[in-house]
Amino acid sequence: MSRIFNFSAGPSTLPLPVLERVRDEMVEYQGSGLSLIEASHRGPEYSKVHETAGVLMRELLGLPANYKVLFLQGGATLQFGMIPLNLLGGGKPCDFTVTGTWAKKALADAKKIGKPRVIYDGAAESFMTLPDPATLKVDPAAVYLHLTSNETIGGVQWQGWPDAGAVPIVCDMSSDFLSRSFPVEKFGLIYAGAQKNLGPAGMAVVIIRDDLLEKCSDDLPAYLSYKVHAAEDSLYNTPPVFPIWVSALVLEHVKAHGGLAGAEKLATRRSQMLYDMIAKHAGFYRCPVAAHCRSKMNVVWRLPSEELEGQFIKEAKAAGMSGLKGHRSVGGCRASIYNAMPVEGVQALTDFMDVFARAHG
Ligand SMILES: *Cc1c(COP(=O)(O)O)cnc(C)c1O
């Protein structure tokens with residue numbers, strides 16, 4: 001077996017011990033005579049996995065009792081629509097920060113249902129910076145304030161949280177979920193697509209506070225209703241059993257490695273290694289993101305020409321490092337260094353960057 005270092009933005013690298021365990025248990029799950037993905041989602045084997053995923057999620061995030069954890073299909077993208085459908089029906093107002101590609105997508109869907117007001121728009125700075133959270137003026141009448149904690153494509157990440165007063169924060173944490181701790185009580189709803197830091201694609205986690213849940217619409221088709229999913233503990237219909245199973249194993253893995261504090265420490269170390277290497281060859285490598293909001297999950301940088309960028313990506317691939325091409329909308333290079341990326345992977349990449357800069361700088 002020869003596994004490369006996979007710097008892809010998503011789906012992305014998963015912890016090797018988790019993959020190995022899934023392999024070992026895939027065909028016959030723990031002496032049950034069948035695979036877990038063939039078993040009833042109401043049977044004893046799956047029920048235990050489902051419960052474990054929820055319990056570990058609560059434990060790792062330190063969720064108070066007044067939050068529900070939901071495991072839903074449709075990825076984070078369905079949440080762009082589901083959140084306004086549940087909370088903004090009839091054209092209710094909310095406040096939005098537009099910080100990059102993903103926030104723009106969330107805003108586009110919110111506009112179809114509610115009346116979002118943009119209180120920060122990073123377009124003029126090409127989304128390469130974030131505002132000081134203390135400068136955001138939140139409308140007290142807003143149903144919520146929407147944030148994107150980490151812009152996966154632009155490589156900007158909020159380092160602090162605004163004080164929204166009594167207005168709950170709704171946050172897309174898809175690409176930095178489980179990589180750092182945060183003050184849960186500021187948030188009314190947190191959502192994350194699984195395939196960056198949690199597990200396989202095909203699922204989103206939604207964490208919703210009871211007071212917000214009570215405000216949700218009663219008139220939605222069943223699958224679109226948070227109330228329906230919360231009342232049935234994400235078992236209203238067949239849940240995404242495979243992503244939930246793998247996610248439960250990932251959560252166990254995160255717990256065994258120091259929880260969110262452990263993950264945060266490693267994220268700081270990995271990202272610092274990359275930003276230091278970019279700084280070491282300033283003039284050759286250049287990070288376009290403002291220093292105060294550089295992401296610890298998605299590190300972006302440019303080379304002096306697109307031609308050199310192409311060569312860098314190609315030679316890195318040949319050296320066993322894939323997924324380093326920046327998103328097609330912005331170009332350049334990007335290393336996605338989620339929880340499961342070993343420090344050795346980043347070491348290999350920074351060594352390669354050093355040699356490449358010396359050869360071409
Ligand atoms: C990947 C990503 C999404 C989209 O997730 P899907 O599961 O593909 O719908 C949304 N927001 C952010 C911040 C992302 O990184």
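Indexing begins at 1, ligand by ligand and atom by atom, following the structure's order.
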Would you mind listing which atoms of ligand 1 come within a distance below 4.0 Å of any non-hydrogen atom of [X]?
| X | answer |
| --- | --- |
| Ser175 | 13 (C), 15 (O) |
| Asn150 | 13 (C) |
| Gly75 | 7 (O), 9 (O) |

Open item on the list: Return the CD to CG distance between Gln79 and Leu189, rounded to the nearest 0.5 Å.
Closed with: 7.5 Å
Open item on the list: What's the separation between atom CG in Asn237 and atom OG in Ser234, rounded to the nearest 0.5 Å?
Closed with: 9.5 Å
Open item on the list: Between His229 and Tyr223 (judged by ring centroids, cut-off 6.0 Å), do the two rings come close enough to count as a pair?
Closed with: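 His229 vs Tyr223: aromatic centres under 6.0 Å.
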Task: Pair Tyr46 and His41, ring centroids less than 6.0 Å apart - done: no
Open item on the list: Whether Arg21 and Asp24 form a salt bridge (side-chain N of Lys/Arg under 4.0 Å from carboxylate O of Asp/Glu) is what I want to check.
Closed with: no
Open item on the list: Looking at Asp176 and Lys296, is any side-chain nitrogen of the basic one under 4.0 Å from a carboxylate oxygen of the acidic one?
Closed with: no
How far is [atom] from its nearest protein heavy atom, and which residue and atom is that?
| atom | value |
| --- | --- |
| atom 11 (N) of ligand 1 | Asp172 OD2, 2.6 Å |
| atom 15 (O) of ligand 1 | Thr152 OG1, 2.4 Å |
| atom 1 (C) of ligand 1 | Lys196 NZ, 1.3 Å |

Open item on the list: Under 3.5 Å between any N/O of Ala76 and any N/O of ligand 1: does that happen in this structure?
Closed with: yes
Open item on the list: With respect to Gln195, determine whether any N or O atom, backbone or side chain, lies less than 3.5 Å from an N or O atom of ligand 1.
Closed with: yes
Task: Within 6.0 Å of NZ in Lys115, more than 12 heavy atoms from elsewhere - done: no
Side chain, backbone, both or neither: which part of [X] has a heavy atom under 4.0 Å from ligand 1?
| X | value |
| --- | --- |
| Phe80 | side chain |
| Thr77 | both |
| Lys105 | neither |

TODO: Please test Asp354 against His281 for side chain to side chain donor-acceptor pair (under 3.5 Å), starting from the C-alpha separation and ending with a verdict.
DONE: CA-CA 8 Å; Asp354 205 13; His281 295 286; 2.6 Å; yes
